[in-house]
Each structure stands twice: as structure tokens, then as C-alpha cells.
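To keep things clear, I will list the structure first and then write my remarks on it.
Proteins come first, then strands; the chains are lettered A, B, ... in the order of their sequence lines, and each starts at number 1. What you see below is based on every heavy atom in this structure, not just the backbone, and it leaves out hydrogens, waters and symmetry mates.
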Amino acid sequence: MVHNIDVAKILYEVADLLELQGVGFKPNAYRNAARNIESMTKELDEYRKTNNLRDIPGVGEAIAKKVEEILATGRLHYLDELKQQLPAGLLQMVEVPEIGPKTALHLYKELKITDVQELKVAAEHHRIRSLKGFGERSEERILHGISLLEKRSGRMLLGYAYPVAERVREYVAEHAQLKLISLGGSLRRMKDTIGDIDILAGSNDVKKVMDSFTSYPEVDEVVERGPTKAVVRLKDGTQVDLRVVEEEAYGAALQYFTGSKDHNIKLRSLAIDKGWKLNEYGLFKKDLTEVVARRTEEDIYKALGLKIMPPELREDRGEIEASLNGTLPNLIELNDIKGDLHVHTVASDGNATMEEFAWACKKKGYEYLGITDHSYGLRVTDGLSVERLRGNIDIAHNVAKRVDGLKILIGAEVEILEDGSLDYPGDVLRELDFVIGAIHSKFNMDSDAMTKRVLTAISNEFLTILAHPTGRKLEQREPYPIDLEKVMLAAKSAGVCLELNAFPERMDLNDVNCRMAKEIGVKIAIDTDSHSIPQLDYMFFGVATARRGWLEKEDVLNTLSLKELVSFLSA
DNA sequence: GCCGTTTTCGGCCCGACTGTTTTCAGTCG
């Protein structure tokens, strides 16, 4: 089966190639369609049975036809044609910072440069400076860009970028004595991966802010410094952008720099409908003489007839429409979480004891903690034999005597074997408070087989939670092929929960899949999969991802009180 | 290529910064 994400991928590629050819507007049309398809909560294959593909925003006659072809064949003839018209290496050239589609095409036409390697040689031999519009500095920049590209290993994970960004923000706040300073961009929207760090400051002393920023001890290179904007690169390669606006316009700027781009475009068209104009300095009457709103984000949204919405929702996935008709979700908050149901102790591959975890969770104000060491089948993690698993139960009894006010639930993260059976026999599983099932091996089964494997596990009467349901590892491993909709429908009728695993590399289910789960009506358990005490804090990012998936408190298992949870588990 | 209650053509978000230029094109977000 062809998944939505495969269709989107092809459409994105078409967009990139068209852009390279200098075609105007079409690339955006393809990208828009791809984005909307990517964020759909129903598979296209299913969707088109009851709807017209053209009902999808951004999909018209031409793209609908192409989507049909992709769904039928998994390929797109048009894309193959485009690929033949230009060398594939040009797409990589565009990845080099400072090289865009115009430059790449120009270099190809004038100097027959077809990939990054040839670009590097040409710059080193000073063959580029002879072109009109290029000079010595251009060659330096290109070489610098290539070296950065070689060093750069994709996007940063939210869980790791966030603390880095917070440290910069706090440093500048302290040194420039700022009150108005915030993270912006995809980091503020809590996307699971981050391209660079955006920080926004509101101050009427720009120089002081800029100086503080560029003097941050971790800064390796000041890439750019203008009157309102500076860009630095930290020693670890992270790029940080800072914008400074006057205090009066902070709200408008924060709204603008939080994005997303598509969210902002839609807001701007709302402004245009009212005869206004929206930019990072405020919401204005058309001739820019009169300010409608700009001091706070709330003012901006209110003036446009909207309720202010959490940054996590601002992806143009229906939040503006929901705000207009008063159906914005009341998103789950970190405080709603009453416990963590997926942690590994020293018994398997964790590095803290059950008691250490218990004290840490009690300190967080949790009501319960689920211990889930690995089962025997996962040897690399020193998975527990039945005997050692029973040892865990004894440990729990002892810890319970010392840590009062926190209920320890003994579970296990049990391997889902190739045939879908679980790694402990039923009479052992019966002794546990709950059971997490997970796949850690044999990832390369085809979609039908993998789906069947998971459906078999779901039909096991002892399974409580399906861990990291797609098996993806961000920047490392694609999700394994699986029919998630079938899995969710089965989980719903079996009363099994799906996990939102908050470990930064996993973040699985992702935001879009969480929303699909909500629509189908499957409960989500947000777990950290902690192997050490500090990792318990990943809950913050798990909740953020749940919020991006429009989840409310009642959609999440571990917002239940202990009493409610116990009754759920015994049902 | 898409879209629409200023609609079936003619728009398509908007501004900062840089380098190579004397007024702007390209990139980026």
C-alpha cells in the first residue's frame, strides 16, 4: 500500500525540481498539496473511497490525477521526466547554505557544475568569481557553506535542542536585563526536530541585546549582524538567530517568528480580508499609518477574530478554522500527568535503581510509577528471566515500604515476537500489574506481515500498552511499514493503549498519528522510556508532542488518578 | 498548479541581510 507520506515525498520532490528550473508558483502549489496530504489523519487509499481527492485543500485537477497515479503505481511519470531534465546533484547543491535554486541553476548553465563536489573544486580554483554577480567573497562563502554541510548531520532533536536554546535565552536575558525574550520558530512550536534556534527579544536598547548575544561563551562564529538581527553559530554547530524588536511590537514579532509559515500566511489573508496588513511589526490599517494591534500575541489574534492558540497548534492544520468556530481543543498540560509507565531500572539496561526512580517520581508529584524492564528475549539489554522478573516484584514491595504516597506498578516491556506472541507466558503476564508490548527486532517485514504481527499482540488479553508503535528513530531509522489505522481500530476495540514514547530519538507516535488516534478513539499513554533519572524530564516533550496532536487530558491514560488507573487496569 | 462572495483570470506573505552592486537579486526564515 502507498502511504500518504510516500505521496507527499514525491510531490515535495516535484516541487524542488520545478523550483530548480526557475518555475514560479507551481513549486508552492505542489508543496502545499504535499503538506496537506502529509498531515491528513486518514490514509488516501481509504479517503478516496468516500471523498474526492480534490476536496483536500491544495489539491486540484492536475495534482489529483498525479496522486491517483502514485496510489496506483507507487511512482509518478512526471517526476521521472523532471529528473531527466536536470542533474540530480543540483538538488544537493541547494542544500549548501547560501546556495539557492537560482544560484545552482546559474552555476550549472554557466560552468557546467552538476554537484557539490564539482562546486567545491570550482570555488577552490577561483572559477566562480569570473561570473557576473559573484566575487571573491562568494567563493569563500560557498566553501564555508560546503564545509558546514559536510559537518552537519541533519536536524536536531527537540529534547536536545531545547535546553541548549534555553541556556542562550537565559544568558541574553540576564546580561541585557530583558523581560521580553522568548524562543520562537519550530522550537516554540515544539516540533520533534529543529533546524535552528530562533530567539526573539523586545528591547529599546538593541545594541546591548546584540552585544550580549554575540558574547555568549559558546559562540564560535558571528555569521551575520545587522541592525535588528544577528546570527551566530555555536561551537557544536548549532545556528542561533536573534531578532530584536521594540517593546511595543513584541507581540506581533513573537507571533510572526513563531510561525509556522503556513499558519502566518493564513493569518495574513485573514488580515487582508479585513482590509488590514499583518507583518512582524504589527497589524495595521492598509496604509500603515494606524496600528490595529501589536503589543501582545493575544491582541493580534483577538483583532483578527480569533482566540489565541498554543504555539503547538500553529501548523495550519485546521486550528484557525477551529478558533473561528470555537472548537479549539483544551490541550493536555504537563500538570495533568499523574505518573510515568515506562522506565528501565538497573535490573535490565537502566542505570538507576527502582528506589531512585520512585523517589524522583514522588518528587515530581506523581501518584504512580510503572516499572517496565525488558523481557528475556531482548538479550542486549540483559532482559529479565521469569525468575528475575519475580525478583523485581519483591524489590517493589520493599521500595513501597520506604517510599510512601507513590504506588509502584510492576510491569514489563515484553518483546513482540515475529509471530505476534509475547515473550513471557500468560501465567507470568497475569502476575503483572500491566504489560507493555514492543518490537525491537525483525523490522524488515512487509506491511501486511508487520500489521498482522502487531494485531496478534493486541489480541493478547494481557497487553495494556503498545510501545513506540511505528519503531522510528529520528534521523536514524524510518518507521517500519505498518497499517496504523488498522492497528488503532483493533487497539480501540481491545481496550489497548498506544504509546507516545517521549524519548527524543523516538517521539513515537508522532503528532499527526496522535491526532489520528484521538479521532479513532484510542487512548494514548505518554511515557518517557527513561533509563536514568534525568530522562524522566522527557515527559515535558512528550506532552508537547501530544499537544501538537490536539490531545486533551481525557485522551491520555496517565492523566488518570491512581484509583482510576487501577480500575482501568483491572477492567 | 490552485483558488475564488472584489471569482474563471490574475494573483500567489513579507521583510532582513549580504554581496556585488550604484539599485538589486538571491537567500533565508
Using a 4.0 Å heavy-atom cut-off across all strands, classify [X] as base, sugar-phosphate, or nothing.
X: K66(A); answer: sugar-phosphate
X: D196(A); answer: sugar-phosphate
X: D241(A); answer: sugar-phosphate

### Message
If the threshold is 4.0 Å, N to carboxylate O, is there a salt bridge linking K473(A) and E505(A)?
### Response
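A salt bridge is absent here (no side-chain N lies under 4.0 Å from a carboxylate O).
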When the [atom1] atoms of [M] and [N] are compared, how many Å lie between them, rounded to an integer?
N: dC17(B); M: dT23(B); atom1: C1'; result: 16 Å
N: dT6(B); M: dC2(B); atom1: P; result: 24 Å
N: dG11(B); M: dA16(B); atom1: C1'; result: 25 Å
N: dC12(B); M: dT5(B); atom1: P; result: 16 Å
N: dT22(B); M: dG29(B); atom1: C1'; result: 28 Å
N: dT21(B); M: dG26(B); atom1: C1'; result: 13 Å
N: dT20(B); M: dT27(B); atom1: P; result: 14 Å

Output the rounded distance in Å from [atom1] ([X]) to [atom2] ([N]).
X: M210(A); N: dA16(B); atom1: CE; atom2: P; answer: 12 Å
X: M93(A); N: dT27(B); atom1: CE; atom2: C1'; answer: 14 Å
X: D262(A); N: dG29(B); atom1: CG; atom2: P; answer: 15 Å
X: E61(A); N: dT8(B); atom1: CD; atom2: C1'; answer: 13 Å
X: R314(A); N: dG29(B); atom1: CZ; atom2: C1'; answer: 16 Å
X: I142(A); N: dG19(B); atom1: CD1; atom2: P; answer: 12 Å
X: K266(A); N: dC12(B); atom1: NZ; atom2: P; answer: 17 Å
X: I272(A); N: dT5(B); atom1: CD1; atom2: P; answer: 13 Å

Is there a side-chain polar atom (N or O) of [X] under 4.0 Å from OP1 or OP2 of [N]?
X: N279(A); N: dC14(B); value: no
X: Y281(A); N: dA16(B); value: yes
X: K229(A); N: dT27(B); value: no

### Cationic tip of K66(A) above Y78(A) ring, under 6.0 Å, 45° of axis
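Judged by the rule (NZ or CZ under 6.0 Å from the ring centre, within 45° of its axis), K66(A) counts as positioned above Y78(A).
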### Query
Just one of T528(A), D508(A), D529(A), T545(A) clears the side-chain hydrogen bond (donor to acceptor under 3.5 Å, both in side chains) bar with N501(A), so which one?
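The residue from T528(A), D508(A), D529(A), T545(A) that satisfies side-chain hydrogen bond (donor to acceptor under 3.5 Å, both in side chains) with N501(A) turns out to be D529(A).
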### Query
Quick one: which of T50(A), D45(A), N52(A) gives a side-chain hydrogen bond (donor to acceptor under 3.5 Å, both in side chains) with R48(A)?
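It is D45(A); the other options fail the test.
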Any idea which of [options] is nearest the [X] side chain?
X: Y256(A); options: dC14(B), dC17(B), dG15(B); answer: dC14(B)
X: A62(A); options: dG1(B), dA16(B), dT18(B); answer: dG1(B)
X: I63(A); options: dG19(B), dA16(B), dG1(B); answer: dG1(B)

### Message
Closest-nucleotide mapping onto DNA chain B: is V223(A) or N32(A) further toward the 5' terminus? I mean the 5' end.
### Response
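Going by which nucleotide is closer to the 5' end, it is N32(A).
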### Message
With nearest nucleotide decided by heavy atoms, which residue, Q239(A) or G24(A), maps closer to the 5′ end of DNA chain B?
### Response
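By nearest-heavy-atom nucleotide position, the 5'-most residue is G24(A).
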Using a 6.0 Å cut-off, check whether atom [atom1] of [X] has over 12 heavy atoms from anything other than its own residue.
X: K235(A); atom1: NZ; value: yes
X: N330(A); atom1: CG; value: no
X: E136(A); atom1: CD; value: no

### Query
Would you call the rings of F541(A) and Y162(A) parallel, tilted or perpendicular if under 30° counts as parallel and over 60° as perpendicular?
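Because their plane-to-plane angle is over 60°, the rings of F541(A) and Y162(A) count as perpendicular.
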### Query
In the structure shown, which nucleotide is the Watson-Crick or G-U wobble counterpart of dT8(B), with both distances under 3.5 Å?
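dT8(B) is paired with nothing.
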#### Entry: Syn or anti conformation of dT6(B), syn meaning chi within 90° of 0
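Base orientation: anti.
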### Message
Minimum heavy-atom separation for R294(A) and I300(A), please, with both atom names.
### Response
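Scanning both residues, the minimum pair turns out to be CA-CD1, 3.9 Å.
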### Sugar-phosphate or base contact per nucleotide [nucleotides 20-26 of chain B; S, B, -; heavy atom under 4.0 Å]
SS----S
